[in-house]
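In the text below, chain A, chain B and the rest are named by the order of the sequence lines, each starting its count at 1.
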Amino acid sequence: MRIGYPCINTSLKNPNSSTFRLKSYSEKRFNETVKNNLDHLLRILHFNKKNNIFFFRLSSDIIPFASHQICQLNWKKKFETELNEIGNFILKNNMRVSMHPDQFVILNSSNEKVVENSIKELDYHSNLLQNMNLLNDAKIQIHVGGVYGDKNASKNKFINRYTKIHECLKSRLVIENDDRSYSLKDCLDINKETGIPIVFDVFHHECLNDYEFFKDALTSFSKTWNYSSDGNPIVDYSSQSIGDRRGKHAKTLDYTHFVFYYKELERFSSEKSVDFDIMLEIKDKEYSVIRTLNLIKFGS
DNA sequence: AGTTGTCAAGCTAGT
DNA sequence: ACTAGCTTGACAACT
């Protein structure tokens, strides 16, 4: 079971800008920023290795404006060396990475322009992972999208759009249950039609579920993964930030809450011979991962 | 140096 | 009607 964190490492300082405004776009700025981001990513991966962290979510901002018209540079070619080096490091160390495109990626949107932009953005994510020569276990996770007042119609829209995307992207794309619109059960309905694997977010599942037993949820979601090609089923973990609005992530690890889920996963794992990878969506990032690794190793 | 308004992109629920 | 929140605040202009 690998445990990881998303996008940012709070221990390492990034001395340069990681992105810029569209207004500030220039080839020079672009090249400097991408170079800096890739160098920094490699530093994070080294940090992770040193701390026995083998799962990490790559920021979508590594190549700024990659899917925007303004970006006409062949960054895959220009940064081939860096991309290869990062990919080799990940593969050599049996690491896994994933990505989570932001909220503007809506495959089931009723606006064709939004869909078009979404596919461009997904292509960028797919190209980035592809150019690092990563395995198909490097997933791109998105939410199902909007409801638009008719969930069934919107689910079907997702299914139709998904069937039309190209195989390379398909081999990486996965959906995640969200906390307000599409529950695990909704995702399973979509999986039945498409075969798309499901990332199971346990916190979202607390917020929105269909009263299923937790064990049944684990069984059904893990079955959507073809372990040999997709890798271990991914679980997203976070907990409620106390006193804040429902769905807001906690700033630091809720020890008891995490242990409950970890033990459930561990038990399921040994019974069914399924291994999971857990993504900790906690504001203090690698610090919480290191705490959980110590907890598992030393039991305290 | 520190503060603050704004940033490519969508959608939902809460106020 | 407006805003917080979302996987992650951070850039850039201003004081």
Side-chain angles (χ1 to χ4, degrees), chain A residues 4-10 12-26 29-30 32-33 36-37 40-41 44 55-71 97-125 139-151 154 157-158 174-183 199-204 207-208 234-241 243-251 278-289:
Chain A
Y5 62 100
C7 306
I8 292 170
N9 178 297
T10 65
L12 296 170
K13 276 285 149 254
N14 189 359
N16 304 311
S17 295
S18 56
T19 186
F20 51 84
R21 296 293 156 81
L22 182 56
K23 240 182 6 188
S24 319
Y25 188 95
S26 70
R29 186 78 191 264
F30 176 86
E32 284 170 3
T33 306
N36 177 47
N37 287 346
H40 188 63
L41 172 57
I44 293 178
F55 191 23
F56 184 65
R57 182 184 295 163
L58 306 186
S59 163
S60 295
D61 287 334
I62 291 174
I63 318 284
F65 303 102
S67 71
H68 191 280
Q69 222 183 3
I70 202 168
C71 179
V97 297
S98 64
M99 297 188 81
H100 194 332
D102 65 27
Q103 60 269 37
F104 314 109
V105 173
I106 312 282
L107 266 193
N108 75 348
S109 176
S110 41
N111 179 343
E112 284 300 330
K113 188 72 195 165
V114 172
V115 179
E116 197 185 302
N117 288 343
S118 296
I119 289 175
K120 275 188 197 156
E121 180 71 358
L122 288 172
D123 280 338
Y124 148 61
H125 283 77
K139 294 301 186 191
I140 302 166
Q141 72 187 75
I142 58 172
H143 294 293
V144 178
V147 175
Y148 310 100
D150 185 343
K151 198 190 267 187
S154 298
K157 215 160 208 173
F158 182 96
V174 298
I175 48 173
E176 174 195 349
N177 60 307
D178 66 74
D179 58 340
R180 282 160 197 273
S181 305
Y182 291 94
S183 66
V199 170
F200 183 43
D201 187 310
V202 296
F203 178 46
H204 289 166
C207 298
L208 179 70
I234 297 175
V235 175
D236 278 4
Y237 170 85
S238 56
S239 63
Q240 176 67 42
S241 177
D244 276 308
R245 49 186 275 166
R246 185 178 68 91
K248 185 168 165 129
H249 292 183
K251 289 179 185 64
I278 308 176
M279 179 58 65
L280 291 194
E281 295 178 338
I282 311 280
K283 301 286 181 197
D284 62 13
K285 308 292 177 183
E286 78 284 356
Y287 178 75
S288 278
V289 177

*State whether A:S60 places a side-chain N or O below 4.0 Å from either non-bridging phosphate oxygen (OP1 or OP2) of C:dT7.*
no
*asked:* On the nucleotide B:dA9, are OP1 or OP2 found under 4.0 Å from the side-chain N or O atoms that A:S118 carries?
replied: no
_Ring centers of A:H100, A:H125 separated by less than 6.0 Å_ = no
*asked:* Rounded to whole Å, please give me the gap between NZ in A:K23 and P in B:dC7.
replied: 7 Å
*Select one nucleotide: of C:dA12, C:dT8, C:dC11, the one nearest the side-chain heavy atoms of A:T19.*
C:dC11
*asked:* Stacking between A:F104 and B:dA9, defined as ring centres under 5.5 angstrom apart with planes under 30°, is that present or not?
replied: yes
_Length of the line joining A:I234:CD1 and C:dT7:P, which is rounded to integer Å_ = 14 Å
*Between A:L22 and A:P6, who's closer to the 5' end of DNA chain C by nearest nucleotide?*
A:P6
_Nearest heavy atom decides the nucleotide; on that basis, is A:S24 or A:I8 closer to the 5' end of DNA chain C?_
A:I8
*Would you mind classifying the nucleic acid contact of A:E176 as base, sugar-phosphate or nothing, using non-hydrogen atoms under 4.0 angstrom?*
nothing
*Distance between the C1' atoms of B:dG2 and C:dT7, in whole angstroms?*
29 Å
_Candidates B:dT12, C:dT7, B:dC11 - which lies nearest the side chain of A:I106_ = B:dC11
*asked:* Tell me whether A:F20 at atom CZ has more than 12 heavy atoms from other residues, nucleotides or ligands lying less than 6.0 Å away.
replied: yes
*Expressed as a whole number of Å, how far does the C1' atom of B:dC7 sit from that of C:dT8?*
14 Å
*Ranges pairing with ranges for DNA chain C, where each run has three or more Watson-Crick or G-U pairs under 3.5 Å*: B:1-7 with C:9-15, B:10-15 with C:1-6
*asked:* Nearest to the side chain of A:S67, heavy atoms from C-beta on, is which of B:dC11, C:dT8, B:dA9?
replied: B:dA9
*asked:* With a 4.0 Å limit, can you tell me whether A:S18 has a side-chain N or O closer than that to the phosphate oxygens OP1/OP2 of C:dC11?
replied: yes
*Starting at CG of A:D102 and ending at P of C:dA10, how long is that distance when rounded to a whole Å?*
15 Å
*Which nucleotide sits closest to the side chain of A:F20: C:dC11, C:dC6, B:dC11?*
C:dC11
*Base, sugar-phosphate, or nothing for A:Q103, non-hydrogen atoms under 4.0 angstrom?*
base
*Counting any heavy atom closer than 4.0 Å, what does A:F65 reach on the DNA or RNA strands: base, sugar-phosphate only, or nothing?*
base
*Rounding to a whole Å, what distance do you find between A:F200:CZ and C:dT7:P?*
15 Å
*Checking A:K285 side chain against A:P6 main chain: does a donor-acceptor pair fall under 3.5 Å?*
yes
_Heavy-atom donor-acceptor pair, A:N37 side chain to A:S18 backbone, under 3.5 Å_ = yes
*asked:* Check the phosphate of C:dT8 against A:K283, side-chain N and O only, distance under 4.0 Å to OP1 or OP2. Yes or no?
replied: yes
*Closest listed nucleotide, where the reference is the side chain of A:R21 and the choices are B:dT12, C:dT7, B:dT6*: B:dT6
*When rounded to the nearest Å, what value does the distance between P atoms of B:dT12 and C:dG9 take?*
25 Å
*Atom NE2 of A:H68 and atom P of B:dC7: how far apart are they, to the nearest Å?*
13 Å
*Can a side chain N or O of A:H143 be found less than 4.0 Å away from OP1 or OP2 on C:dT7?*
yes
_Under the criterion side chain to side chain contact (heavy atoms under 4.5 Å, CB included), I'd like the reasoning laid out for A:I70 against A:L22: C-alpha separation, chi angles, the key distance, then a yes or no._
CA-CA 9 Å; A:I70 202 168; A:L22 182 56; 3.8 Å; yes
*Calculate the interatomic distance between A:H125 atom NE2 and C:dT7 atom P; express it in whole Å.*
13 Å
*asked:* Taking C:dA1 as the reference, what is the distance to B:dA8 when you measure between their C1' atoms (whole Å, please)?
replied: 24 Å
_Test your reading of the model: is there a side-chain donor-acceptor pair from A:Y124 to the backbone of A:I63, 3.5 Å cut-off?_
yes
*Short side-chain to backbone donor-acceptor contact, A:E286 and A:T10, under 3.5 Å*: yes
*Roughly how far apart, to the nearest Å, are C:dC6 and B:dT3 at atom P?*
25 Å
*Can you tell which of A:I106, A:N108, A:L107 makes a side-chain contact (heavy atoms from CB on, under 4.5 Å) with A:V144?*
A:N108
_Heavy-atom donor-acceptor pair, A:D284 side chain to A:Y287 backbone, under 3.5 Å_ = no
*Would you indicate what A:V147 reaches in the nucleic acid, counting non-hydrogen atoms under 4.0 angstrom: base, sugar-phosphate, or nothing?*
sugar-phosphate
_Gap between atoms OH and P, on A:Y182 and B:dG10 respectively (whole Å)_ = 17 Å
*asked:* Just the rounded figure in Å: distance from C1' of C:dG5 to CG of A:D178.
replied: 13 Å
